[in-house]
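Working notes for the structure below.
Hydrogens, waters and symmetry mates play no part in the numbers below; they use all other heavy atoms, side chains included.
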Amino acid sequence: MQIFFSMEGKQLWARIKGELDLENADTFRQELEANLDHARPEVLVLDLTGVTFIDSSGLGVILGRYRRLKKEGGKLIIYRPQPQVRRLLELSGLGKIMTIMNENGEQIGEGFNNGWSAIRN
Amino acid sequence: MSSHTRIYPYQRQTGNTITATGLSIDLLFLMAVFFLSRATLLAELYPFGSSIIIAIGSRRQRILWPVVLAVMLSTWFTNPNSVYSRLLVFLILGLAYTFYPSWRQRSSLIQATLVPMAIILIRGIDLTLGQPSFYSWVEIVFESIMSWGLSLAFLEVSDSKRQEERLLGSGLFFLGVLLGLQGFKIAGFSLQGLVSRYILLLASLTGGPGIGAAVGTALGFIPSLSQMATPSLAGLMAFSGLIAGSLKSLGKPGVIGGYLLSHLVLANYFLGPNNVLLVLKESVIVVLSLLITPPSLTNYLSEFLSQTTKQQLETTDSSKQEKLSEVLKSLARHLKYSGYNESPQTVIRQVARIVCNGCPAAKVCWQLEGEQMLTTLQELLNSSQGKLTSNDIPEWLSSRCTRCRELLAALTTQANKFKVQSVEDGLNSWLANTFEILGSMVTQESSRVEQNKDNRKKPSLKVSVGIAAVPRHQADITGDAFSIAPIAPDKHLLVLGDGMGVGRKAANESGTAIEMLQDLLDAGFSPEFALRTVNMILLLRSSQESYTTLDIALLNCFTGTAYFYKLGACPSFIHRNGSINILRSHSLPVGILEDLQLEPLREELQDGDLLVMVSDGILEAHRDINEKEKWLAKALQRVGEARPQEIADRLLKQASALVSGKPLDDMTVVVARVEKVG
């Protein structure tokens, strides 16, 4: 996993490549924290274009940063997640509290509706 | 504006018709008053007369003068020293209550104080004009103090909420009457001795050894109270009460046997040989009286005595519960309204001053239903967030209030003015809810027990379950946890949790969450409250970010209604008559954020339905994003009527095959079949 940070105005961009799983969750957390402490951004944008897999540990790190930014009055945006990653984000309820955007800067709605769907013979 | 409201129910005046029964009771009472007034303590003090006049003047105005007359007659015939000044005291007390009826509204303490004042004033003047002596002054002061105490005891008989105080007042009255019987004889037998012994037998028969001994001791001291004599009778009476009461279970013969036995053994020792025969003759008369006493009287007394103890226990318990409930609700209120500069009551009072001033309905709203108004407006104020509409006002208020618009405007203004910040602190709000719910539960506990007694009918549905689980590749322990358990007599809980990460840490996290959830639901808390509590506890106990997904199904086995709570959990599947329904709800997992949004889903389950809950390892086993749910749905359509455990094993086997036996995540399948009972 690799992370590239850049500051664009008051937005801190974190471009992540690789897999976000148990093995690199600690590194992911530490790097994000260090850059948040240093840059003090109003918005943290996680660019997940290059993320091919995310597990519960990766989701935990994202939720932890969301909690921090919310307390500080900031915002967390997830940018361009791949379909399988986006699916997990929404399954975990993250789609309800965070903004998920596509490459055009448009907010992506929930891909999965709550409630029932039926598959019949 | 007052929150203390009192409603006095309308009572029809029944007139002053006196029935024959009422008249005979009054006559009996006057007779008792006659004896009471002649009761003397230490041969020179007569405190009972003035006390009973105060009590009757305050509580039974109708018979005040007959009582005054009975007391005066009794005193005249007894002829104690300073008889005229005593008669004047009684007369003045009677006149005080006749000409100043408002005196009755005063507290018992103030009314009782009238007695020592009258005694010291009138008898003091009499003494000063006659032959003053130190001894006489001491006597007057002692009599005043005793009269004051007795007046207070008699006044409390009709008013006190405490059973002990009522018993004390009544006991002192009867003790006085017995004292007054001193010296009266019928056919050579002492009237006081006969009545005392009869009461002793009755107390032993109805109250047992404890009450028998206590009553015996009190009665045994009576002769020594009025005369300077050694209280030797007390020992005999107490012992007789104890022995007679011990044989209570044998009924009247047992009590009589015990009483006679103790008298035969000890009368000679306590009373001397000259009195033994007389006492035994008295005992025979008393025994015969007890034999002809109707069972209805003894049953009534025995029920009264047992009820007293029971009532005291119940009152203590319920008052403790009420106090605890009030404290908890008060804590909840203070936490809930912590975002205000001023207390919500102050804010509401300001609103009422602005809006309700001059309104004809203000009296009804604020005096008769003040508590309800205060609570409703506080709730509106708290939930307003500056956006109140007429729909927010409850119907009972909007139908009555002619100033609804003004009320809304004032509430909105005050809310904006006083609200510093919305209560966003999740811990604060959870704690407030916890206190509020616990407060309600404390008072509802007893009724819940009663309800549970009625809910003993058998459920119509049952659940059979199969579970299959495997840890991720090269791991020893799975981070998934599950629990299948009945909750209360009517509900069945199925819960599958997946802790963040893998291995023992994840297993601990999910296991703790499920254990807490199950305990809370079992204790009768609502699923919403239970989940918020689990969320908050997990959040508080760990400084690191970790969470647990929870997939919950709560089935009512009587009605078939099931509620599903999915917190970061995978979809569930219901197989019904060949078709598969997929249930999705995307809420956040527990243990990572204070704010938990719950979106329960409801479904009516039927006989034969198959419910399948899975952890994400199962769905993610298929690599194609479009097939993750479909493959399981298709697999379910082929299961037929197999047992739940076979289905769970089969699904797990298929999922393992999809990852070539090397699962990337823990995999768990829970299969439950709903079936009719019988």
Side-chain angles (χ1 to χ4, degrees), chain A residues 19-26 28-30 32-33 36 52-73 76 81-98 100 108-121, chain B residues 424 472 479 498-503 505-506 539 544-549 566-571 573-589 591-597 599 601 603 616-617 619-620 623-626 628-630 632-634 636-637 664-666:
Chain A
E19 294 185 344
L20 281 178
D21 56 15
L22 184 66
E23 282 173 21
N24 48 41
D26 279 341
F28 182 37
R29 182 186 303 108
Q30 284 160 12
L32 279 176
E33 280 294 290
L36 282 171
T52 51
F53 174 77
I54 188 166
D55 72 356
S56 58
S57 306
L59 291 173
V61 175
I62 296 178
L63 276 166
R65 304 298 72 72
Y66 166 82
R67 192 177 162 197
R68 172 185 167 163
L69 283 160
K70 195 186 171 195
K71 277 185 183 167
E72 292 170 357
L76 193 150
Q82 293 190 17
Q84 66 273 23
V85 173
R86 194 184 130 201
R87 183 180 175 279
L88 278 172
L89 290 172
E90 291 184 342
L91 196 69
S92 310
L94 268 70
K96 285 200 172 150
I97 55 169
M98 295 175 199
I100 302 177
I108 306 169
E110 275 202 20
F112 302 89
N113 294 323
N114 285 351
W116 291 101
S117 66
I119 297 173
R120 294 181 194 282
N121 284 332
Chain B
E424 283 182 356
R472 74 178 225 156
D498 183 0
M500 191 183 100
V502 291
K505 187 175 174 289
L539 193 65
Q544 295 174 339
E545 56 227 18
S546 63
Y547 65 78
T548 296
T549 69
K566 304 184 94 51
L567 294 102
C570 291
F573 302 78
I574 291 180
H575 179 266
R576 180 182 295 164
N577 302 327
S579 66
I580 307 292
N581 290 325
I582 304 176
L583 173 63
R584 300 184 189 90
S585 172
H586 306 132
S587 299
L588 284 164
I592 193 142
L593 293 176
E594 288 90 346
D595 189 25
L596 198 65
Q597 300 293 330
E599 294 174 5
L601 294 165
E603 174 66 15
D616 56 350
L619 292 189
E620 298 306 312
R623 291 187 179 184
D624 187 345
I625 190 167
N626 297 316
K628 289 187 185 293
E629 291 167 14
K630 281 182 189 167
L632 191 75
K634 283 174 190 166
L636 263 176
Q637 280 172 337
L664 292 171
D665 199 355
D666 302 320

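Looking at Phe53(A), neither its backbone nor its side chain comes within 4.5 Å of chain B, counting heavy atoms on both sides. Only the side chain of Leu22(A) comes within less than 4.5 Å of a heavy atom in chain B; its backbone stays farther off. With a 4.5 Å cut-off on non-hydrogen atoms, Ala569(B) touches chain A through its backbone but not through its side chain. Heavy-atom distances place the side chain of Leu619(B), and not its backbone, under 4.5 Å from chain A.
The shortest side-chain heavy-atom distance between Tyr66(A) and Ile592(B) does not fall under the 4.5 Å cut-off. Counting heavy atoms from C-beta outward, Leu91(A) and Cys570(B) have side chains that approach closer than 4.5 Å. Between Arg67(A) and Leu539(B), some side-chain heavy-atom pair lies under the 4.5 Å cut-off. A 4.5 Å side-chain heavy-atom check between Glu90(A) and Arg584(B) finds every atom pair outside the cut-off.
Checked by atom type and distance alone, the side chain of Lys96(A) never pairs as donor or acceptor with a backbone atom of Leu588(B) at under 3.5 Å.
To the nearest 0.5 Å, the span separating NE2 on His586(B) from CG on Leu94(A) amounts to 12.0 Å. Between Asp55(A) atom CG and Arg472(B) atom CZ the span is 7.5 Å, to the nearest 0.5 Å.
What you find for Ser57(A) and Gly501(B) is that their closest heavy atoms are OG-CA, 3.7 Å. Residues Pro589(B) and Ser92(A) approach most closely at CD-O, 3.3 Å, considering heavy atoms.
Environment of CD in Glu72(A): crowded, with over 12 heavy atoms of neighbouring residues, nucleotides or ligands closer than 6.0 Å.
Ranking Gly58(A), Gly64(A), Gly60(A), Ala25(A) against chain B, the residue ahead of the rest is Gly60(A), based on heavy-atom pairs under 4.5 Å.
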request  = Determine, step by step, whether Leu593(B) and Ile97(A) satisfy the side chain to side chain contact (heavy atoms under 4.5 Å, CB included) criterion, reporting the C-alpha distance in whole Å, the side-chain angles of both residues, the deciding distance to 0.1 Å, and the verdict.
outcome  = CA-CA 11 Å; Leu593(B) 293 176; Ile97(A) 55 169; 3.4 Å; yes
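A salt bridge between Glu620(B) and Arg87(A) is present, with a side-chain N of the basic residue lying under 4.0 Å from a carboxylate O of the acidic one.
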